[in-house]
Amino acid sequence: MNVVLPLTVAVPLAGAALLAATDQLLPEWVKEYPAMLVAAATSVLTILVLTHTQRTDALHWFGGWQPRHGVSIGIDFATGPLGAGFAALSSVLVTAALVFSWHYMQEAPRLFRVLMLVFCAGMNGFAFSGDLFNMFVWFELLGVATYALAGYQVEQLGPLQGAVNFAITNSVGSFALLFGTALLYGRTGALNFAQVGHALEGRHADGLLVVAFTLIVAGFFVKSALVPFHLWLADTYAVSPAPVCLIFAGVLSEVGLFGLARVYWTVFEAPFGSHARDVRNVLLAVGIATALLGALMAFLQRHLKRLLAYTVISHVGLTLIGIGLLDAKSLAGAANLVLSHAFIKGGLFLGTGVLLRELGSVDELRLHGRAGGLRVLGIVFGLGAVGLAGTPYLGTFLGHSLLDDGARADGFGWIPPVVMVAAGLSSAAMLRAFARIFLGWGPTRDTLLTEEPREEPPEEQANRPIMVGVTASLIVLGLLLSIVPGLQDRSDAGARRFVDRHAYIERVLHGKVRVHRGSPAVVLHAAGPTSIAYGLGGLILAVGLAWFGLHRQRAPGRLREAAGRALGPPISALKGVHSGVVGDYVAWVTVGTAVLGGVWALTLARGP
Amino acid sequence: VSYLPYAVAAWLFLVGLYGVVTSRNLIHLALCLSVMQSSTYVLLLAIGYKSGGTAPIFRGIPLGTRAVDPVVQALTLTDIVVSVTVVALILALALDVHDEADTVDPDEIAALHG
């Protein structure tokens with residue numbers, strides 16, 4: 001079974017190479033099928049790995065260079081259920097994106113499908129990679145494929161700006177990652193996660209380790225768009241084609257968080273474990289700031305894709321809170337958040353693709369009341385927005401309730417209400433857009449919202465039933481994920497194995513196979529009363545704030561004036577920070593890195 | 001161990017970063033990115049350097065000869081390949097920006113903001 005691991009990368013890469021080589025030879029309509037087939041085959045392979053990892057971790061040494069006496073010089077792929085689940089999720093989403101774009105992007109994108117397959121390979125390689133440097137290489141491969149995918153409509157300025165900002169900011173991030181990796185190699189003489197973790201066993205945090213950790217975290221934070229590293233994301237996602245947004249929002253934004261979790265629990269937990277509190281405080285602060293700021297910015301948008309892009313930022317913040325609590329329960333919550341969010345938010349992005357294709361716009365105010373005819377799309381769009389608020393037993397609820405359990409067990413009972421507010425506010429933004437576009441509620445003018453340039457709709461004849469079908473099935477699947485029996489226990493078990501550094505080192509360096517017998521029962525657990533209360537609170541908040549967003553002009557004039565005087569300056573200052581200029585973005589990345597490093601230098605390197 | 005290469009690496013990283021932040025020309029900016037990336041080459045090679053070490057080609061030299069670390073050299077090579085790809089892509093985007101907007105100033109192409 002372990003030989004399947006490299007195939008999850010080799011199959012899409014070989015497929016991409018073949019497609020690129022035959023690009024001039026095949027007629028256009030033929031090319032769609034091999035790409036879809038390759039993506040589907042890769043999905044099957046990753047799902048095979050996922051089922052295998054339920055019993056035992058998968059491990060493959062390339063070229064058979066196995067470690068001797070606990071010393072590894074080879075390169076490995078190693079994964080448990082969480083890594084395999086992440087890879088399976090990305091392969092499935094790539095397949096869905098290719099099916100959606102069956103007719104959506106028939107003419108324009110010459111190497112679109114090739115890049116999608118390269119992306120798929122990069123995601124799998126990143127999720128399975130067993131050492132720091134290969135992780136960096138997959139990270140860069142993902143980077144190059146996605147810069148090209150984002151900036152594909154090169155005859156428009158918006159996408160070019162998005163791609164330039166994306167490529168430059170993320171390159172700076174990956175240099176930071178590589179710099180940190182090199183420092184770690186200099187200290188330990190190893191790159192393999194298990195080997196580095198083993199070498200740092202029993203060491204105390206010192207200046208070099210703190211710098212290495214800071215740079216690695218900063219690199220991952222840029223990719224996952226955490227405040228203040230997030231500024232590029234909205235520019236890029238707002239202008240990428242809908243199927244590309246699906247994979248960006250669904251898995252690319254979460255890549256950095258996965259990397260952070262992997263690196264922390266295999267490597268840095270050893271020297272920093274005694275100071276876990278200081279690591280946790282910083283991660284929680286960043287996560288909370290991101291969740292709230294992203295949701296607020298989403299609420300101030302009228303460009304539908306930019307609105308969704310900011311909700312992605314908010315969601316990434318929520319996920320970081322789950323990871324940053326540094327315990328298995330909350331990590332399981334984070335994993336479930338990623339899973340259900342990927343399907344629902346991806347589906348919503350595809351929905352904007354349908355709107356653009358059918359109505360020629362993605363602007364909330366210009367589309368006011370015009371989408372009433374797209375009934376199926378309207379229903380799933382509204383449900384999707386509700387499902388992201390943490391509504392009990394719908395969509396992201398399982399993630400929220402696990403996060404709630406984890407946070408309260410760690411003594412962070414104040415975190416679930418914060419999560420509720422962030423999720424409620426970002427859902428409110430989506431619900432408001434839904435009510436305007438599909439129901440025609442509210443006024444057609446709103447000066448609070450940022451106007452953006454128009455996006456040209458794709459020109460080819462599109463197959464609407466397929467597009468709506470893919471959109472609806474993704475959203476419905478995402479909504480149902482909270483009531484899949486057994487998912488909670490499986491993600492719990494997966495997260496517990498993910499944070500078990502000793503088992504990982506034993507498996508990789510000493511080949512000790514640990515078999516997890518007796519798979520968890522297939523049952524659906526009732527959520528705790530507080531989780532349900534917070535879920536309902538999120539829903540009420542979402543509906544209430546959406547109503548406020550639509551009808552705030554009805555408020556008495558004096559009240560509106562006072563609110564405008566008090567909130568106007570901070571809101572325009574906040575919008576001003578999101579300037580669209582890449583130099584500013586990199587300056588913020590520098591500031592963020594300096595703050596992370598400064599705080600950790602003061603707290604972590606204190607000695608025991 | 002000499003600290004000079006590490007100081008050079010940090011200097012290149014920071015000076016490249018300064019260039020990226022302040023640049024008003026996308027082509028200049030792409031070159032600043034290459035400068036930043038060069039810092040990682042210097043860092044990697046410095047980490048693997050052993051004074052008096054020979055090149056890590058082990059054919060025909062006695063066992064136990066002092067050699068520099070071959071791993072970082074392989075990493076540097078990979079790193080260079082990666083950097084060429086990224087810079088090529090950014091330069092291609094800069095060309096498209098120039099065709100579209102008749103400028104290569106990143107400040108002037110900020111169509112989306114807020």
Side-chain angles (χ1 to χ4, degrees), chain A residues 73 133 136-137 140-141 143-144 147-148 151 154-158 160-165 167-172 174-176 178-179 181-183 185-187 189 191 234-235 238-239 297 300-301 303 306 450-453 572 574-576 578-587 589-590, chain B residues 6 9-10 13-14 16-24 26 29-30 32-34 36-37 39-48 69 71-72 74-76 78-79 81-83 85-90 92-101 104-114:
Chain A
I73 52 167
F133 188 74
F136 164 77
V137 172
E140 283 292 274
L141 184 71
V144 173
Y147 308 154
V154 284
E155 67 287 352
Q156 294 176 47
L157 197 52
L160 280 174
Q161 179 206 351
V164 166
N165 291 0
I168 293 170
T169 320
N170 279 266
S171 295
V172 171
S174 56
F175 299 157
L178 180 61
F179 217 93
T181 303
L183 291 179
Y185 178 77
R187 165 54 57 88
L191 289 164
D235 295 349
V239 293
M297 286 302 293
L300 300 175
Q301 303 300 319
H303 183 286
R306 199 168 167 86
T450 314
E451 181 159 16
E452 303 290 357
S572 42
L574 198 58
K575 283 188 175 181
H578 299 75
S579 62
V581 178
V582 66
D584 300 355
Y585 294 3
V586 177
V589 168
T590 316
Chain B
Y6 297 100
F13 193 88
L14 293 175
L17 186 64
Y18 175 79
V20 171
V21 170
T22 56
S23 180
R24 299 293 302 268
L26 280 175
L29 203 157
C32 292
L33 272 181
S34 317
M36 271 186 92
Q37 188 138 25
S39 75
T40 57
Y41 313 153
V42 176
L43 178 70
L44 282 168
L45 294 178
I47 283 171
D69 186 349
V71 172
V72 291
L75 302 192
T76 308
T78 317
D79 193 13
V81 174
V82 166
S83 110
T85 323
V86 172
V87 169
L89 202 83
I90 292 176
L93 287 170
L95 268 182
D96 284 326
V97 168
H98 184 263
D99 287 350
E100 205 56 39
V104 284
D105 184 346
D107 293 14
E108 284 176 28
I109 61 162
L112 297 144
H113 49 79

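In the text below, chain A, chain B and the rest are named by the order of the sequence lines, each starting its count at 1.
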Quiz item: Got a second to check how far B/L43's CG is from A/F175's CZ, nearest 0.5 Å?
Solution: 13.5 Å
Self-check item: B/S39, part contacting chain A, at a heavy-atom distance under 4.5 Å
Solution: both
Quiz item: chain B heavy atoms under 4.5 Å from A/F136: which part of the residue, side chain, backbone, both or neither?
Solution: side chain
Quiz item: Is chain B contacted by the side chain of A/V144, its backbone, both, or neither, given a heavy-atom distance below 4.5 Å?
Solution: both
Quiz prompt | Side chain, backbone, both or neither of A/L300 within contact of chain B (heavy atoms, under 4.5 Å) | solution = neither
Practice problem: Measure the spacing between OG of A/S174 and CD of B/Q37 and express it to the nearest 0.5 Å. | Solution: 7.0 Å
Quiz prompt | Distance in Å, B/E100 CD paired with A/Q161 CD, rounded so as to fall on 0.5 Å steps | solution = 13.0 Å
Quiz item: Measuring heavy-atom distances to chain B, does A/V239 have an atom under 4.5 Å in its side chain, in its backbone, in both, or in neither?
Solution: side chain
Quiz item: In terms of heavy-atom proximity below 4.5 Å to chain A, should B/L75 be classed as side chain, backbone, both, or neither?
Solution: both
Practice problem: Please determine, among B/V81, B/L17, B/T22, the option with the most heavy-atom pairs under 4.5 Å with chain A. | Solution: B/L17
Quiz item: Is it the side chain or the backbone of B/Y18 that comes within 4.5 Å of chain A heavy atoms, both, or neither?
Solution: neither
Practice problem: Heavy-atom distances under 4.5 Å only: say whether B/D99 touches chain A with side chain, backbone, both or neither. | Solution: neither
Practice problem: With a 4.5 angstrom heavy-atom cut-off, could you sort out which part of B/I109 is near chain A: side chain, backbone, both or neither? | Solution: both
Quiz item: What is the distance from atom CG of A/L160 to atom CG of B/L95, rounded to the nearest 0.5 Å?
Solution: 11.0 Å
Quiz prompt | Which portion of B/I90 sits near chain A, non-hydrogen atoms under 4.5 angstrom | solution = side chain
Practice problem: Any chance you could measure B/T40, atom OG1, to A/L183, atom CG, to the nearest 0.5 Å? | Solution: 11.0 Å
Quiz item: Which is it for B/V82 and A/L178 under the side-chain contact (heavy atoms from CB on, under 4.5 Å) test, yes or no, and what are the steps along the way?
Solution: CA-CA 12 Å; B/V82 166; A/L178 180 61; over 6 Å; no
Exercise. Check whether A/F133 gets within reach of chain B through its side chain, its backbone, both or neither, counting any heavy atom under 4.5 Å.
Key: side chain
